[in-house]
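Atoms considered below: every heavy atom in the structure, side chains included; atoms not considered: hydrogens, waters and symmetry mates. Position 1 is the first residue of the sequence, and the numbers go up from there.
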Amino acid sequence: MTKAVLGIIGGSGVYDLPGLEDVREERISSPFGEPSDALRIGRIGATKVVFLARHGRGHRYSPSDINYRANVDAMKRAGVTDLISVSACGSFKQEFYPGFFVLVDQFVDRTHKRESSFFGKGCVAHVPMAHPVGPRLQERIAEAAKAEGIPFSRGGTHVTIEGPQFSTYAESMTYKGLGYDVIGMTAMPEAKLAREAEITYAIVAMVTDFDCWHPEHDEVDVAAVVAVAQQNAAKVAKLIARVARDFPAEHEACPSGSDRALDGAIMTAPSARDPELLKKLDAVAGRVL
Ligand SMILES: CSC[C@H]1O[C@H](OP(=O)(O)O)[C@H](O)[C@@H]1O
Ligand SMILES: Nc1ncnc2[nH]cnc12
């Protein structure tokens, strides 16, 4: 039995988690580098909750500069079993308007400048990613959104671009034509790393704009994103508080196998493994190493 600990990574406009009680700050150092900020560790109801501002407080890190590995590793070290990512995104669908929450369950990774695995030379692993979002965790978010009267939809594909620039019109039309639902700059490699760390992952994609494809809306800019993200912050806090209050004491087994993702995933023979890398993997892969 594993005690459930809920992790929250807050994105643009979400640098704190109102409602978190008995809070202490902890700077967790990771062998993969510096997390974006100190973890804020507290509780909501009976659930232990660990909050991290993805870009750091004051929004210091651009999507390409965030140390995603350190962030996820720090969450793992803090005991997080279930991770909810809160992320601002552009929309490719008329019905996903600014203020709407999309509980996406698929990702297309178009990033190219980020460390996207804890594993590598001296310890090679391949985890399954077909179903990157934990359906039970997502169900809990959906139930909470319903109870709080927040307009949301379940399912959808998120394309993660490198940024930091927003997309060109041609890119935007291409993603829309491919049937993608929303666009952001941070969901990948976060979701991949959570899977490698055997943390169940779900994402609340908060629509802030229509990117630049929509004939009746101005192209996206930071002011528009920030204005909507700030309006959404209170809704997000209510949503997370509800999820946390209703969270089970013990981690629920994930139907996608996220909590057992490393079973059989490591290819490198024990005799060929690099002891230095194994040391760094103590938290992420300690269960199987
Ligand atoms: C401020 S606009 C672009 C920025 O906002 C989103 O951040 P996050 O996913 O952390 O909420 C987007 O991915 C970009 O990083
Ligand atoms: N249109 C957009 N493209 C990429 N990231 C975003 N974050 C918020 N809106 C976005």
Check whether more than 12 heavy atoms from other residues, nucleotides or ligands sit under 6.0 Å from atom [atom1] of [X], and answer yes or no.
X: Y169; atom1: OH; result: no
X: R260; atom1: CZ; result: yes
X: D22; atom1: CG; result: yes

So [Y] and [X], do their side chains get closer than 4.5 Å, heavy atoms only?
X: E148; Y: K235; result: no
X: V5; Y: H251; result: no
X: L277; Y: C123; result: yes
X: D73; Y: P31; result: yes
X: V80; Y: L6; result: no
X: K3; Y: K48; result: yes
X: D82; Y: E252; result: no
X: L17; Y: V49; result: yes

Can you see whether [X] engages [Y] through a side-chain donor-acceptor pair at a distance of less than 3.5 angstrom?
X: S36; Y: N71; answer: yes
X: E219; Y: H214; answer: no
X: S258; Y: E198; answer: no

Which pair of heavy atoms, one from [X] and one from [Y], lies closest together, and at what distance?
X: V159; Y: Y180; answer: CB-CD1, 3.6 Å
X: T111; Y: I161; answer: CG2-O, 3.8 Å
X: A194; Y: L83; answer: CB-CD2, 4.4 Å
X: P135; Y: C254; answer: CD-SG, 4.2 Å
X: A261; Y: V127; answer: O-CG1, 3.7 Å
X: V288; Y: I266; answer: CG2-CD1, 4.0 Å

(message) Assess the residue pair I44 and V243 against the criterion (side-chain contact (heavy atoms from CB on, under 4.5 Å)); give the C-alpha distance rounded to whole Å, side-chain angles, the decisive distance to 0.1 Å, and a yes or no.
(response) CA-CA 9 Å; I44 297 178; V243 173; over 6 Å; no

Assess whether a salt bridge exists between [X] and [Y], defined as any Lys/Arg side-chain N lying under 4.0 Å from an Asp/Glu carboxylate O.
X: E26; Y: R40; answer: no
X: D211; Y: K176; answer: no
X: D263; Y: R287; answer: yes
X: D246; Y: R140; answer: no
X: E139; Y: R136; answer: no

Value rounded to 0.5 Å, distance of [atom1] in [X] from [atom2] in [Y]:
X: M185; Y: I66; atom1: CE; atom2: CD1; answer: 10.5 Å
X: M188; Y: S116; atom1: CE; atom2: OG; answer: 9.0 Å
X: L52; Y: I8; atom1: CG; atom2: CD1; answer: 11.0 Å
X: Q231; Y: M206; atom1: CD; atom2: CE; answer: 10.5 Å
X: M75; Y: E190; atom1: CE; atom2: CD; answer: 8.5 Å
X: E276; Y: L281; atom1: CD; atom2: CG; answer: 11.5 Å

(message) With side chain to side chain contact (heavy atoms under 4.5 Å, CB included) as the test, pick out the partner of L103 among I203, I141, V133.
(response) I141

[X] side chain vs [Y] backbone, donor-acceptor pair below 3.5 Å:
X: S172; Y: S167; answer: no
X: W213; Y: S91; answer: yes
X: T268; Y: V124; answer: yes
X: K76; Y: A197; answer: yes
X: R77; Y: I28; answer: no

(message) Evaluate D109 against K192 for salt bridge (Lys or Arg N to Asp or Glu O under 4.0 Å), listing each step before the verdict.
(response) CA-CA 10 Å; D109 187 357; K192 288 177 173 168; 2.6 Å; yes

(request) Would you kindly check if the NZ (Lys) or CZ (Arg) of R54 is within the cone defined by 45 degrees around the ring axis of Y61 and under 6.0 Å from the six-membered ring centre? (result)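 The answer is no, since R54 fails at least one limit relative to Y61.
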
(request) Walk me through it: do R195 and Y201 pass the test side chain to side chain donor-acceptor pair (under 3.5 Å)? (result) CA-CA 7 Å; R195 177 57 55 91; Y201 187 83; over 6 Å; no

(request) Please determine which of K113, R114, H112 meets the side chain to side chain donor-acceptor pair (under 3.5 Å) test together with E162. (result) R114

Hydrophobic cluster identity match, [X] and [Y], side-chain contacts under 4.5 Å:
X: Y97; Y: F101; result: no
X: V102; Y: V14; result: no
X: V50; Y: L193; result: yes
X: V204; Y: I183; result: no
X: L262; Y: F32; result: yes

(request) Carefully, step by step, assess L39 and F51 under the rule side-chain contact (heavy atoms from CB on, under 4.5 Å). (result) CA-CA 6 Å; L39 300 185; F51 177 84; over 6 Å; no

(message) Using 30° and 60° as the class boundaries, would you call the ring planes of F96 and F100 parallel, tilted or perpendicular?
(response)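 Rings of F96 and F100: parallel, under 30°.
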
(request) Anything under 30° is parallel, anything over 60° is perpendicular, the rest tilted; go ahead and classify F210 against H217. (result)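 Aromatic pair F210/H217 classed tilted.
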
(request) Show your working on side-chain contact (heavy atoms from CB on, under 4.5 Å) between H131 and D105 and close with a plain yes or no. (result) CA-CA 7 Å; H131 304 290; D105 53 9; over 6 Å; no

(request) Apply side-chain contact (heavy atoms from CB on, under 4.5 Å) to the pair D209 and V228, showing each step before the final yes or no. (result) CA-CA 8 Å; D209 54 85; V228 180; over 6 Å; no

(request) Please assess S117 against E196 for the test side chain to side chain donor-acceptor pair (under 3.5 Å), listing each intermediate value before the final yes or no. (result) CA-CA 8 Å; S117 178; E196 287 188 344; 2.8 Å; yes

(message) Walk me through whether E34 and R69 qualify under salt bridge (Lys or Arg N to Asp or Glu O under 4.0 Å).
(response) CA-CA 9 Å; E34 278 299 300; R69 293 197 301 183; over 6 Å; no

(message) Test: ring pair (Phe, Tyr, Trp, His ring centres under 6.0 Å). Region: residues 140-168. Which pairs qualify, not counting sequence neighbours?
(response) F107-H158

